[in-house]
Visitor: 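Handing you this structure, nothing more for now.
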Amino acid sequence: NLFYESSTRTLSSFDLAAKRLSADTMSVRSSGSSVDKGESLKDTAVTLAAYDPDVIVIRHPQIGAPQLVAAVTGAHVVNAGDGKHQHPTQALLDLHTMQQALGRLEGLHVAIVGDVLHSRVARSLIEALALVGARSTLVGPPTLIPRGIEAMGCETTSDIAAVAAADVIYVLRMQQERMLAGAAYVPSLREYTAVWGITPERVRPGQVVMHPGPMNRGVEIDPRVADSEAA
């Protein structure tokens with residue numbers, strides 16, 4: 001488990017799942033490792049490859065990091081999130097959750113709300129939903145909806161009222177750590193919350209509310225929604 005970014009759910013999930021399948025696990029975080037001394041990703045991967053691992057699970061802030069590791073090791077490489085690119089295992093988990101909650105995937109309508117621009121989770125989920133015959137609508141400020149993303153097969157809108165038509169409201173976190181310094185994507189977090197935050201009034205009976213975590217309670221999602229039966 002090679003993690004160059006902070007993680008609670010993903011790292012612990014891979015570690016626990018591997019142990020439950022009787023695999024030996026080793027977790028390497030960039031902080032406190034030779035990365036702090038300036039070691040490159042390639043050299044770290046080559047070092048780990050010398051231990052002859054079957055699988056390397058990697059999370060990295062740069063797009064394409066899993067492909068680089070796969071090129072210099074013989075291990076199977078699992079992408080646990082690379083930059084703003086993809087998070088495929090999260091998408092698989094999301095499909096599983098929707099299947100459990102609603103009993104089907106085909107024909108579902110999922111509203112993905114919030115900071116799509118910086119979200120690797122959203123990109124993987126849009127692709128996954130299309131593969132299983134579900135449709136997705138991206139909802140949020142125009143500044144946080146990537147240009148041309150409709151080419152992936154989704155719809156886009158800045159009107160929060162669109163979530164009313166969805167079976168699932170999938171809420172995204174404002175990823176301020178990925179935002180360019182000084183860039184004003186929204187006037188303020190308070191205004192974002194007022195216009196696009198998911199409140200009890202915006203959730204109708206029968207809808208499922210999801211969030212990949214970590215949640216910013218009181219920003220993109222009201223605590224009353226986060227702690228409700230719908231979530």
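As a basis for the values below, the full set of heavy atoms in this structure was taken, side chains included, without hydrogen atoms, waters or symmetry mates.
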Visitor: So does A166 get a backbone contact from the side chain of R204, meaning a donor-acceptor N/O pair under 3.5 Å?
Guide: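 Pair found, side chain donor or acceptor close to backbone of A166.
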Visitor: Give the cluster check for V171 versus V195: same hydrophobic cluster or not, with ILVMFWY residues linked at side-chain heavy-atom distances below 4.5 Å.
Guide: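 Yes, one cluster joins them.
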Visitor: Would a distance-only check, ignoring hydrogens and angles, find a side-chain to backbone donor-acceptor pair under 3.5 Å from Q207 to I169?
Guide: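 Between the backbone of I169 and the side chain of Q207 there is no qualifying donor-acceptor contact (under 3.5 Å).
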Visitor: Would you give the length of the straight line joining atom CG of L117 to atom CG of L138, rounded to the nearest 0.5 angstrom?
Guide: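 CG of L138 is found 11.5 Å from CG of L117.
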Visitor: Side chains of S136 and Y170, heavy atoms from C-beta outward: is any pair under 4.5 Å?
Guide: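 No, their side chains stay 4.5 Å or more apart.
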Visitor: Is a side-chain donor or acceptor of Q99 paired with a backbone partner of G103 at a separation under 3.5 angstrom?
Guide: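 Yes.
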Visitor: Check the hydrophobic clustering (I, L, V, M, F, W, Y; side-chain heavy atoms under 4.5 Å; chains of links allowed) and say if V208 and L105 are grouped together.
Guide: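 Yes, same cluster.
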Visitor: Hey, are the side chains of I198 and V113 touching, using non-hydrogen atoms and a 4.5 Å cut-off?
Guide: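 Yes. Closest side-chain heavy atoms under 4.5 Å.
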Visitor: Considering all heavy atoms of both residues, which atom of G64 and which atom of D82 are nearest to each other, and what is their separation?
Guide: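 Distance-wise, the nearest heavy atoms are N-OD2, 3.0 Å.
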Visitor: Between R173 (side chain) and G213 (backbone), is there a donor-acceptor pair under 3.5 Å?
Guide: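 Pair absent, no side-chain N/O of R173 close to backbone of G213.
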Visitor: How about M152 and E127: do any of their side-chain heavy atoms sit closer than 4.5 Å?
Guide: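 Counting from C-beta outward, M152 and E127 do come under 4.5 Å.
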Visitor: For residues V139 and L189: do they belong to one hydrophobic cluster (side chain heavy atoms under 4.5 Å, members Ile, Leu, Val, Met, Phe, Trp, Tyr)?
Guide: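 They do share one cluster, since a chain of ILVMFWY contacts under 4.5 Å joins V139 to L189.
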Visitor: Where do L48 and P53 come nearest, in terms of heavy atoms and distance?
Guide: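 Heavy atoms only, the tightest pair is O-CD, 3.3 Å.
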Visitor: Can you measure from CG (L68) to CD1 (I63) and round to the nearest 0.5 angstrom?
Guide: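 Separation between the atoms: 14.0 Å.
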Visitor: Nearest 0.5 Å please: distance from the CG atom of L41 over to the OH atom of Y4.
Guide: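 These two atoms lie 4.5 Å from each other.
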Visitor: Verify the neighbour count for atom CD of E106: are there more than 12 heavy atoms of other residues, nucleotides or ligands below 6.0 Å?
Guide: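 Counting neighbours around CD of E106, 12 or fewer heavy atoms of other residues, nucleotides or ligands fall under 6.0 Å, so no.
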Visitor: Do D15 and S12 get their side chains close enough for a donor-acceptor pair, meaning under 3.5 Å?
Guide: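 There is no such pair (donor and acceptor under 3.5 Å, judged by atom type) between the side chains of D15 and S12.
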Visitor: With no hydrogens and no angle check, do the side chains of H211 and E220 hold a donor and an acceptor under 3.5 Å apart?
Guide: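 E220 and H211 do have a side-chain donor-acceptor pair below 3.5 Å.
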Visitor: Kindly state whether the ring of Y185 and the ring of H118 have centres lying under 6.0 angstrom apart.
Guide: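 They qualify: ring centres under 6.0 Å apart.
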Visitor: side-chain contact (heavy atoms from CB on, under 4.5 Å) for S158 and I145? Distances and angles first, verdict last.
Guide: CA-CA 9 Å; S158 59; I145 303 293; over 6 Å; no
Visitor: Going by atom types only, do H87 and R59 share a side-chain donor-acceptor pair under 3.5 Å?
Guide: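 R59 and H87 do have a side-chain donor-acceptor pair below 3.5 Å.
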Visitor: Evaluate the side-chain proximity of P141 to W196: yes if any heavy-atom separation is below 4.5 Å, no if none is.
Guide: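 Contact flag for W196/P141 side chains = yes.
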Visitor: Quick one: does any side-chain atom of R224 pair with a main-chain N or O of P200 as donor and acceptor, under 3.5 Å?
Guide: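 Judged by distance alone, no pair lies under 3.5 Å.
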Visitor: Keeping the roles fixed (side chain from T193, backbone from G197), state whether a donor-acceptor pair exists under 3.5 Å.
Guide: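 Side chain of T193 to backbone of G197, a donor-acceptor pair under 3.5 Å: no, none is there.
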Visitor: If you measure only the distance, is there a donor-acceptor pair under 3.5 Å linking the side chains of Q90 and S124?
Guide: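 Per modelled atom types, Q90 and S124 side chains form no pair under 3.5 Å.
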Visitor: Please walk me through it: do H85 and R123 pass side-chain contact (heavy atoms from CB on, under 4.5 Å)?
Guide: CA-CA 7 Å; H85 182 224; R123 287 168 173 78; 5.8 Å; no
Visitor: Look at atom CG of D159 and say whether more than 12 heavy atoms of other residues, nucleotides or ligands are closer to it than 6.0 Å.
Guide: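 Yes, the 6.0 Å shell around CG holds more than 12 heavy atoms from other groups.
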Visitor: For residues I58 and M26: do they belong to one hydrophobic cluster (side chain heavy atoms under 4.5 Å, members Ile, Leu, Val, Met, Phe, Trp, Tyr)?
Guide: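 Yes: a chain of side-chain contacts under 4.5 Å links I58 to M26.
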Visitor: State, to 0.1 Å, how close I56 and A75 come at their nearest heavy-atom pair, and which atoms those are.
Guide: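 Closest heavy-atom pair between I56 and A75: CG1-CB, 3.9 Å.
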Visitor: Is any side-chain heavy atom of N79 less than 4.5 Å from a side-chain heavy atom of H60?
Guide: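 Heavy-atom side-chain distance check fails, nothing below 4.5 Å.
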Visitor: Quick one: does H109's side chain get under 4.5 Å of T137's, heavy atoms only?
Guide: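 In contact.
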Visitor: Can we say R217 and D227 salt-bridge, meaning some charged N sits less than 4.0 Å from an Asp/Glu carboxylate O?
Guide: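 Looking at R217 and D227, the cut-off is met.
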Visitor: Could you tell me whether a side-chain N or O of D167 sits under 3.5 Å from a main-chain N or O of L108, the two making a donor and an acceptor?
Guide: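 A pair under 3.5 Å: no.
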Visitor: Locate the shortest heavy-atom distance separating G107 from R104; write the atom from each residue and the value.
Guide: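 Minimum heavy-atom separation between G107 and R104: C-NH1, 3.5 Å.
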Visitor: Can you tell me how far the CG atom of D94 sits from the OG1 atom of T89, to the nearest 0.5 Å?
Guide: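 So the CG of D94 and the OG1 of T89 are separated by 9.5 Å.
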Visitor: Starting at CG of L144, measure out to OH of Y192 and round the result to the nearest 0.5 Å.
Guide: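 Answer for the CG-OH pair, L144 versus Y192, is 7.0 Å.
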Visitor: Are the side chains of T10 and S13 in touch, meaning some heavy atoms are under 4.5 Å apart?
Guide: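 When only atoms from C-beta onward are counted, S13 and T10 do not touch, as no gap falls below 4.5 Å.
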Visitor: Does one hydrophobic cluster hold both V57 and V121, with members joined at side-chain heavy-atom distances below 4.5 Å?
Guide: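 Looking at the clustering, V121 is in a separate group from V57.
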Visitor: Should I221 and T199 be marked as a side-chain contact (heavy atoms from CB on, under 4.5 Å) after you check the CA-CA gap, both sets of side-chain angles, and the distance that decides it?
Guide: CA-CA 6 Å; I221 187 168; T199 61; over 6 Å; no
Visitor: Would a 4.5 Å heavy-atom cut-off, applied to side chains only, mark V225 and R202 as touching?
Guide: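 A side-chain contact is absent here, since even the closest heavy-atom pair is not under 4.5 Å.
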Visitor: Please lay out, stage by stage, how I112 and I126 fare under the test side-chain contact (heavy atoms from CB on, under 4.5 Å).
Guide: CA-CA 9 Å; I112 302 174; I126 291 166; 3.9 Å; yes
Visitor: Has the side chain of S119 got a donor or acceptor atom that lies under 3.5 Å from a matching backbone atom of V116?
Guide: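 Here the side-chain-to-backbone pair does not exist.
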Visitor: If you count heavy atoms of other groups shown closer than 6.0 angstrom to CZ of R190, is the number above 12?
Guide: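 Result for CZ/R190: open.
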Visitor: Would you compute the distance between atom CG of D24 and atom OH of Y51 and round it to the nearest 0.5 angstrom?
Guide: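 If we round to the nearest 0.5 Å, D24:CG and Y51:OH are 14.5 Å apart.
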